[in-house]
Amino acid sequence: MPPIDITRFHQTFFDESFEGLDVMESGLLRLDPDAPDDETINAIFRAAHSIKGGAGTFGFATVAEFTHLLETLLDQMRSGNRPVTCKDVDVLLRSVDVLRSLLTAARDGSEADTATAQMVSEELGALLAAPAATVEAPAPAQADAPVAAAPRGWRIEFIPKPELFASGNDPLRIIRELTLLGRAEVICDTDALPMLTEAMPEACYLSWRIDLHADCGRDAIADVFAWVEDECDLSIEPLDGDVAEPTVDAAAVTGTASDGGEQAPGADVDTPSTPPAQDPPAAASGKPELTVIKGGRPAVAASRPATSAERSGEGGSIRVSTEKIDALINLVGELVITQAMLQQTAQHLDPVTHEELFNGLNQLNRNTRVLQEAVMSTRMLPVEFVFSRFPRVVRDLASKLGKQVQLQTVGEKTELDKSVIERIADPLTHLVRNSLDHGIESPERRTAAGKPATGTIRLSASHQGGHIVIEVSDDGAGLDRERILSKARERGIATSDGMADEDVWQLIFEPGFSTAEQITDVSGRGVGMDVVKRNIEALSGSIEISSESGRGSRILIRLPLTLAILDGMSVRIGGEIFIVPLNNVIESLQPQAEQLKSLVNQAQVIRLRAEYVPLVRLQELFGVHDAVRDPQQGIVVVLESGGRKIAALVDELVGQQQVVIKSLESNYRRVPCVSGATILGNGQVALIIDAAEIVRQGARANAA
Amino acid sequence: MSRILAVDDSASMRQMVAFTLKSAGYDVAEAPDGAEALEMAKKEKFNLVLCDVNMPNMDGISLVKALRQLPDYKFTPLLMLTTEAGPEKKQEGKQAGATGWLVKPFNPEQLVTTIQRVLS
C-alpha cells in the first residue's frame, strides 16, 4: 500500500471544524445554566470531540491538546458530574474563540496567538482542578506493572469464556497474532468440549496453552489480548527452565478451534447444557455474564431526542461553488433576453394565423420567468447567516458595558442574495453595537424610568415586495435630539432649532458625526453612521430612522433581494437607451423656464420647490450628440444619492423594467459613471447609470 | 473483497478512513451516524464495521448493541474508534458487544494494521 498523504484531508477537517465551532458557540449561547438541556450539551461535546479527534489524527497537536481540556470539562457536564455555571460557559465561549484562532493559524500556516491560548487553557485547567469535579483523569490505557527484563519467552494460558465469539473475536486471530511476535508452541485443551448433543453451537469450549519463544515484553503480549481480557482467563508467565511439552502444530489447532466456534450453527441443541465440570471457572463466571449481555445495560443513549435544528440542513443539501451558480444565472439572463427578442419579433406577426407560435411564446415566457426565479433562489440564503453572530456580540458587549440586554430575532428564515448577506454583516453589527452602547440604558436608569431592567434589542427581517426589510430596534432611551443638534453645530453642520425630528435624525449620517462622549472600543471605531449609510446605499438600499424619547429607536434598512437584477427606468438620450436605477429616482418633470437658473460659472440649476438642484446634461457626460439640449424640450429626472440630488436631463422616459445586470468591467473595462450594462429585448445593449457617481460629480461641479 | 462500513460523524475522519482502507484494497461504505449505519447494515452484510463512539442520532455504543442483535452480525467484527483512552468507554463498548477498539488519534498505517489483524 502506498503511503497515504494525510494533508489531502485537511481542507475537510478545517471546514467541519469551523462548522463545529459554530455549533458549539450557538449551543453555548443557548445553554441555560439553570436548566441545561442534555442534547445541547451533547451536541457541544460532540463538536469538541470531533475537532479533537481530527486534530490529533491530522497532526495539529496544539489544537488537539487545547481541545482535550475543553472536552474533559464538557464531558463532566455531559455526564452530570459538574453543574453548568455561567462562569464555565464564559470560559468555554472564550475557548471557542481560541480554537478558532488556533485552527485559522493552522490552516493559513500563520502564527497562532499562543499567549491567549495559554491563558484560556490555564483557566480551563483551573476549572477542571476545582474540587467539585470528579475528574476523569486522562490516564494512559495501559499502566501495567513494570516490565521485567524480557525472559526467553512466555507461557500463556488462554482460557476463553464460552461467550467469546459473541464479541466477534476469534481465538485463532489472537494466536495468529502471537505468532508474529515469535515462534509459538500451541497446545489446545479440548477437555471442556461437551458431547455434540449438549454443546452450545455458539460457545467456545476450547482453551490453549501457548509457549511463546519471543524476546518481547509482557505488554506486547497483553496488547494482543487487550480486546478479550474480560472474556477469558489469562495468565502470562515468564517461560523458565526447560519446557518439555508435547507440541501441537498450530495449523491443527486452527482446525479444531474453528470447529469449536462455528460447529453446527443450525443444530437444534437447546437443552440447557452447562459446560462440563472440568472447567468450573469458565462456567461459573460465564453464565451470569451471559445474562448481563442479553439483558442489556440500561440504554445509555439509545433514545436521544430527534435531531436539533442545526443539523436540519444536512440531509437535503449539497455544496456548489458560487461560480457554477453565477454561470447558471448568467445563462438564464441570456435566455430571458432571447425570449424577449422572440417576443418582440413576433409582435409584427398576425396573431390569428400564428396562433400556435404565440401560444408557444407565451409558454416560453412563463417558463423562463419561473426558471429565472428558481435559479435566483439558489443564491438565496436565510438572513440567519448574519443574525446568528449577534447573540454572541450582544452577550459580550452587554457584559462589558454592565448592561442587561436580551436579543430577539424575528424572520431569520427570510432569504436574500448571498452577496447582499455578506455585505450587510458589518453595517448591521455597527447598528446593533450602537443600540447597545447608546440606546439601552444601564439597569439602574431603566428601573428608575419604570422600565424592566433588561433591555431588548430586536432584529427582524421580512420581505416587502421585491425588497427585504431589516429592522434593528431597541427599547432604550431613544435618540437625544438636543445632543445631536449641539454636536452637529460643533461640527459645523447646518442646523436649525425648528428642524423636524426626522431631519435631526438624518444628521447622524453626516460624515464625522459621532455622539459618543468618549471613544470607547465599543462604538466609535472610526466608523460612523455615514459609513453604514454608504454601505447600505452601495447595495442599492436605503436606511431610515425613527425614534421616540424614552421609548427607544428603530432603524429600517431596505435592501434589494439580489444584486443581479435591478429595477430600472429606461430613458432615451438621443438614439441611445440608458437605464437609471429606480432606487435613485425621486421624481421626473418637464421644467418651466422660470425654474431654470444659470449661475456665474455657467452651471445651471433647477428650482424644485424650495431647493436648487444642479442640472446635469447626461448627453455631455456620455458624448451623445443628437440629444435634446434645452431642458424645456426634454425631461429632467431628479436623482438622489448620499443625501444629495441632481437633475439629469434626458430626452424621454421609455419605461420601467427589471434588467439583468451584466458587468461591464469584466466584459470590457470600467467606464466612468456607468455601473454596468444590460441587454434589452431588441438585443441592444443599454448602459446602467451609476447614479451615485453622477450625483457626486454633479454636486462637485456645481460647487466649483 | 472484504466490505467495510465506516461510521463517523466527522467527514474528515470518514474520508481518511475510507481513503486509507480503499488504498489497502478494501471496499468501503460510509455512514455519518449510527442510525444510518444500522439501516445500511440491514440491507447488506458488511464484513466489518468501524464506528466512532460519539455521534448524533445514534451513538457508537447503541449501534454496536443494535448490530449484535441482528443475526447477520452475530460474529462480525465491530470495532470502535475512540479518543477516550480511559477504560470506561472501552468497557462500555465491550459490554455492548464490540470486538475491539482503535484509539484516536491513529495514523493510516495503524488503521490498516488493525483492520488486517481482524480481517485476514
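We name chains A, B, ... by the order of the sequence lines, and we start the count at 1 in each one.
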Participant: How far apart are the C-alpha atoms of B:Met13 and A:Phe58, what are their side-chain angles, what is the distance that settles it, and do they pass the side chain to side chain contact (heavy atoms under 4.5 Å, CB included) test?
Facilitator: CA-CA 9 Å; B:Met13 286 306 284; A:Phe58 300 122; 4.3 Å; yes

Participant: Quick one: CD on A:Glu177 to OG1 on B:Thr113, what's the gap to the nearest 0.5 Å?
Facilitator: 10.0 Å

Participant: Is any side-chain heavy atom of A:Asn169 closer than 4.5 Å to a side-chain heavy atom of B:Lys94?
Facilitator: yes

Participant: Taking A:Gly59, A:Ser167, A:Gly56 one by one, which has the highest count of heavy-atom pairs under 4.5 Å against chain B?
Facilitator: A:Ser167

Participant: What is the distance from atom CD of A:Glu16 to atom CD of B:Gln15, rounded to the nearest 0.5 Å?
Facilitator: 8.0 Å

Participant: Among the options B:Ala66, B:Pro77, B:Ala98, pick out the one with the most heavy-atom pairs lying under 4.5 Å from chain A.
Facilitator: B:Ala98

Participant: Taking all atoms of both residues into account, what is the closest heavy-atom pair of B:Phe106 and A:Thr57, and its distance?
Facilitator: O-CG2, 3.4 Å

Participant: Which atoms form the tightest heavy-atom contact between A:Asp223 and B:Arg117, and what is the distance?
Facilitator: O-NH2, 3.9 Å

Participant: How close do A:Arg173 and B:Val118 get, counting heavy atoms only, and between which atoms?
Facilitator: CD-CA, 3.6 Å

Participant: Are a donor atom and an acceptor atom from the side chains of A:Asp230 and B:Gln91 found within less than 3.5 Å of each other?
Facilitator: yes

Participant: Specify which of B:Leu78, B:Leu63, B:Thr99 makes the most heavy-atom pairs with chain A at under 4.5 Å.
Facilitator: B:Thr99

Participant: With a 4.5 Å limit on heavy-atom distance, are the side chains of B:Met16 and A:Thr12 in contact?
Facilitator: no

Participant: Apply the test side chain to side chain contact (heavy atoms under 4.5 Å, CB included) to residues B:Asp59 and A:Arg46: give CA-CA distance (whole Å), side-chain angles for both, the deciding distance (0.1 Å), then the verdict.
Facilitator: CA-CA 10 Å; B:Asp59 65 14; A:Arg46 274 197 306 270; over 6 Å; no

Participant: Start with the C-alpha gap between A:Glu202 and B:Phe75, add the side-chain angles, then the distance that decides, and say whether side chain to side chain contact (heavy atoms under 4.5 Å, CB included) holds.
Facilitator: CA-CA 9 Å; A:Glu202 293 173 2; B:Phe75 306 111; 3.5 Å; yes

Participant: Given that the side chain runs from C-beta out, which part of B:Leu48 has a heavy atom under 4.5 Å from chain A: side chain, backbone, both or neither?
Facilitator: neither

Participant: Testing the basics here: between A:Phe9 and B:Phe19, what is the closest heavy-atom pair and its distance to 0.1 Å?
Facilitator: CZ-CB, 3.6 Å

Participant: As an exercise, state the distance from CG of B:Asn54 to NZ of A:Lys52, rounded to the nearest 0.5 Å.
Facilitator: 10.0 Å

Participant: Side chain, backbone, both or neither: which part of B:Asp8 has a heavy atom under 4.5 Å from chain A?
Facilitator: neither

Participant: Of the listed residues (B:Gly25, B:Ser12, B:Gly34), which shares the most heavy-atom pairs with chain A below a 4.5 Å separation?
Facilitator: B:Ser12

